[in-house]
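Inspection log for the structure reproduced underneath, given as structure tokens.
Residue numbers begin at 1 in each chain, while the letters A, B, ... track the order of the sequences. Here the structure is a predicted model, which is why all the values come from computation and not from measurement.
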Amino acid sequence: MFKVSFPEKTVEFEAPLSVFDAARAAELVTRAHVAADVDGTTVGMTHVLTADCAVKLHTTADEKGKHVFNHTAAHILAQAVKRLYPTAKLTIGPAIESGFYYDFDSEIPFTPEVLAALEGEMKKIVKENLLIERFELPREEARKLMEEKGEPYKVQLIDELPEGAVISFYRQGEFTDLCAGPHLFSTGAVKAVKLTQCTGAYWKGDQNNKMLQRVYGVAFASKDELKAHLEALEEAKKRDHNKIGRELEYFTTVESIGQGLPILLPKGARTVQILQRWIEDEEQKRGYLLTKTPLMAKRDLYRISGHWDHYRDGMFILGDAEDETKECFALRPMTCPFQYQVFLNKKRSYRELPMRLGETSTLFRNEDSGEMHGLIRVRQFTISEGHLVLRPEQLEEEFRGCLELAKYVLDTVGMLENCSFRFSQWDPARAGIKYEGTAEQWEHAQSVMGTILDNLGVKYEIGIDEAAFYGPKLDIQYKNVFGKEDTIVTIQIDMLLAEKFGMEYVDSDGQMKTPYIIHRTSLGCYERTLAYLIERYAGALPTWMAPEQVRILPIGDEHIDYAYDVKKQLAAKGVRVEVDDRNETIGKKIRNTQLEKVPYMLVIGDNEMNAGTVAVRSRKEGDKGAVAVDAFLSDLLLEIEEKRR
RNA sequence: GCUGCUAUAGCUCAGUCGGUAGAGCACGUCAUUGGUAAUGACGAGGUCAUCGGUCCGAAUCCGAUUAGCAGCUCCA
């Protein structure tokens with residue numbers, strides 16, 4: 001006799017039985033249930049219960065159920081591949097947030113035609129509704145089974161399993177795969193599946209290993225869900241900054257200029273300028289000193305900072321890096337060593353600390369050719385850079401100031417809601433290779449940072465081997481409409497570089513001390529931020545940062561003079577305003593203005609209008625009828641001043 | 001850098017078996033007008049990404065390069 005407690009009720013059983021049977025006895029199970037947590041461990045519905053336990057059922061509507069569902073879909077894909085291409089070798093195939101993938105080692109490239117064929121075979125497997133059975137084997141037998149099946153990668157995975165690990169397999173029809181599970185009861189539940197793409201992926205994620213073929217797919221319990229998913233994807237594509245940013249003329253690229261070197265067109269340049277002025281002013285209010293430092297330096301500087309050893313591949317080098325008899329320069333990939341020279345300019349007192357240095361800093365990084373993407377990943381970018389030189393006891397206070405500033409600016413531009421925090425730490429295994437400094441220095445910096453983050457109540461994930469070469473980071477991650485994450489802002493603690501550069505201050509006790517340094521950004525890099533703003537607002541930027549805020553549309557020629565008169569009144573107050581005096585119908589002018597996502601249009605010559613008024617159409621609120629020019633202007637200025645979204 | 005895909009007018013795309021280039025929108029001119037998501041007529045626009053090869057002949061077939069996309073690896 002044992003008790004199975006579901007959240008809804010507790011049921012007693014005499015003999016062992018499956019989760020499914022237990023749930024059925026409790027009258028809780030439906031067709032949608034695909035998995036369960038038993039005492040916190042996720043299992044399949046066929047898992048046998050033998051003792052007291054707590055059971056929580058999952059459907060495909062929740063994350064864990066969906067995960068199991070997608071994992072089974074990955075197995076169906078693998079089965080289809082083995083049926084159509086028996087020589088392909090299995091590697092791994094997990095469920096991911098957006099669906100699933102499976103990596104194969106195959107001589108035959110998986111072209112779109114091949115994917116279509118695989119999709120067809122998957123549908124057959126679903127229709128066959130094969131039972132999915134779990135079984136376990138001791139290590140030697142497991143190895144033997146996978147060797148017989150001709151799966152060298154699986155053999156390797158078995159060999160790498162730790163001593164005493166349970167080695168489980170899942171079998172569906174003729175197909176058997178090494179897998180921890182859990183899985184669905186049978187293949188029949190995967191009603192709708194689509195293979196979305198095939199790409200390359202390194203075995204075990206290491207670029208020194210063989211490149212495998214990764215097939216991505218999505219799977220759903222119904223065709224309607226698949227349809228809804230594909231439609232949502234289409235909607236996301238309409239927000240893609242790389243498409244609408246070009247269409248709306250924020251930026252462009254030119255073949256002869258090269259990859260990762262976008263041209264900011266007048267609209268893009270204007271918005272960046274607005275953000276930049278705002279950030280520089282905001283930082284000034286918060287006690288930052290503005291600097292302007294060179295974009296390049298001799299290799300000697302990078303030798304001191306460590307960039308020459310740790311970052312040389314990422315730099316554009318001017319001259320022969322190997323020839324020590326000649327001068328060799330490099331464009332700067334980071335601002336740190338330059339801005340430190342401001343501190344080093346003269347002997348410093350503890351009274352001058354914290355010294356907050358800010359710079360709108362253009363950087364150059366020689367990214368690999370496959371990395372560039374729109375405005376998100378470029379080779380030249382301008383960042384709201386800053387370094388704070390501190391006495392050690394000021395670290396927490398100043399760190400908090402940096403975090404508050406970053407949160408304030410991200411909130412103001414409307415991006416904070418899609419942000420998460422990552423505490424990026426070093427990997428001791430790469431000490432001396434990727435990372436400078438001793439284990440003690442790293443442990444110290446990380447524990448200080450961890451304490452600060454906990455004191456500030458920051459909820460973060462830990463990223464191992466994500467640190468900078470000189471210290472741990474708090475990265476603010478932005479999740480875009482496709483679910484992809486990038487770092488938008490970073491705040492880093494550096495206990496190494498000050499010493500390398502011989503930075504010191506005279507403390508109150510008359511002793512020379514080495515300061516701590518915080519590296520930080522406030523709005524991140526302007527190009528990337530602009531990209532995410534375009535995406536976030538689907539190209540319709542809030543009025544305060546819109547490159548064109550008002551467009552005046554005279555209906556007929558006789559209205560043009562008045563239109564320019566109104567423009568003059570608005571422009572005198574700093575409003576970014578244009579007149580569309582083309583010889584076009586008013587309908588066409590309105591349509592163009594809407595397509596270009598200008599926040600306000602003023603139709604001149606409308607019936608309702610009197611002298612001194614304009615017919616206002618707001619992008620957000622639609623037609624507002626005739627409004628006095630003065631009233632419109634003062635409302636607009638208020639909106640811009642308050643940065644209302 | 002790696003794997004796969006792509007490149008025709010400013011944009012979205014046609015272009016069949018290899019025979020010297022098409023549409024819509026945008027743009028310009030004229031006419032017209034309070035056409036409130038598209039007033040009409042006319043016009044201009046392309047060394048089919050670049051270079052090379054095959055062929056009597058290449059937008060089309062082959063190769064290389066460049067650029068773009070998705071993913072991997074790397075990163076703000």
Please state whether the phosphate of [N], meaning OP1 or OP2, lies under 4.0 angstrom from any side-chain nitrogen or oxygen of [X].
| X | N | value |
| --- | --- | --- |
| A:H519 | B:A76 | no |
| A:R582 | B:C27 | yes |
| A:K589 | B:U39 | no |
| A:T490 | B:A76 | no |
| A:Q259 | B:G68 | yes |
| A:S369 | B:G1 | yes |
| A:K473 | B:A76 | yes |

Hey, are [Y] and [X] close enough side-chain-wise for a donor-acceptor pair under 3.5 Å?
| X | Y | value |
| --- | --- | --- |
| A:D206 | A:N208 | yes |
| A:Q339 | A:T291 | yes |
| A:T490 | A:Q492 | yes |
| A:Y564 | A:D581 | yes |
| A:T543 | A:Q549 | no |
| A:S384 | A:T521 | no |

Is there a donor on the side chain of [X] or the base of [N] sitting less than 3.5 Å from an acceptor on the other?
| X | N | answer |
| --- | --- | --- |
| A:Y216 | B:G4 | no |
| A:E367 | B:A76 | yes |
| A:E255 | B:U50 | no |
| A:R214 | B:U3 | no |
| A:R377 | B:C74 | yes |

When the distance from [atom1] of [X] to [atom2] of [N] is rounded to whole Å, what number comes out?
| X | N | atom1 | atom2 | value |
| --- | --- | --- | --- | --- |
| A:I433 | B:C74 | CD1 | P | 14 Å |
| A:D206 | B:G1 | CG | P | 18 Å |
| A:I491 | B:A76 | CD1 | P | 14 Å |
| A:F469 | B:C75 | CZ | P | 12 Å |
| A:D105 | B:C72 | CG | P | 19 Å |
| A:Q477 | B:A76 | CD | P | 10 Å |
| A:F104 | B:C72 | CZ | C1' | 16 Å |
| A:R365 | B:C75 | CZ | P | 10 Å |

Inter-nucleotide [atom1] distance ([N], [M]), Å rounded:
| N | M | atom1 | value |
| --- | --- | --- | --- |
| B:U8 | B:C75 | C1' | 36 Å |
| B:A23 | B:C17 | P | 22 Å |
| B:U20 | B:C56 | C1' | 14 Å |
| B:G68 | B:U29 | P | 35 Å |
| B:A64 | B:G57 | C1' | 23 Å |
| B:A59 | B:G46 | C1' | 11 Å |
| B:G10 | B:G28 | P | 15 Å |
| B:U73 | B:C11 | C1' | 34 Å |

Once you apply the 3.5 Å cut-off to both distances, tell me the Watson-Crick or G-U wobble partner of [N], or none.
| N | result |
| --- | --- |
| B:A23 | B:U12 |
| B:A58 | none |
| B:U66 | B:A7 |
| B:C17 | none |
| B:G40 | B:C30 |
| B:G46 | none |
| B:C74 | none |

Closest to the [X] side chain, choosing from [options]:
| X | options | value |
| --- | --- | --- |
| A:M211 | B:G71, B:G68, B:U39 | B:G71 |
| A:N242 | B:A26, B:C75, B:G68 | B:G68 |
| A:Y202 | B:G1, B:U36, B:G68 | B:G1 |
| A:T199 | B:U36, B:U73, B:G71 | B:G71 |
| A:N583 | B:U73, B:C75, B:U33 | B:U33 |
| A:R528 | B:G68, B:A76, B:U36 | B:A76 |
| A:L595 | B:A37, B:C75, B:C72 | B:A37 |
| A:V378 | B:A76, B:A37, B:G35 | B:A76 |
| A:E371 | B:G68, B:C74, B:C2 | B:C74 |

Subject >> Nearest-nucleotide 5' precedence on RNA chain B, A:I586 against A:V489 >> reply: A:I586
**OP:** Select from A:A201 and A:D557 the residue whose nearest nucleotide in RNA chain B is closer to the 5' end of that strand.
**Re:** A:D557
Subject >> Ring centroids of A:F110 and B:G4 base under 5.5 Å with planes under 30° >> reply: no
Subject >> Carboxylate-amine/guanidinium proximity below 4.0 Å for A:K407 and A:E404 >> reply: no
**OP:** Enter syn or anti for the glycosidic conformation of B:C17, syn applying to angles within 90° of 0.
**Re:** syn
Original post:
Glycosidic conformation of B:G71, syn or anti, with 90° from 0 as the boundary?
Top reply: anti
**OP:** Measure from NZ or CZ of A:R332 to the centre of the six-membered ring of A:F338 and say whether it is under 6.0 Å with the direction within 45° of the ring axis.
**Re:** yes
Subject >> Pi-cation contact, A:Y478 with A:R528 (under 6.0 Å, within 45°) >> reply: no
Subject >> Which atom of A:S522 lies closest to which atom of A:E283, heavy atoms considered >> reply: OG-OE2, 2.8 Å
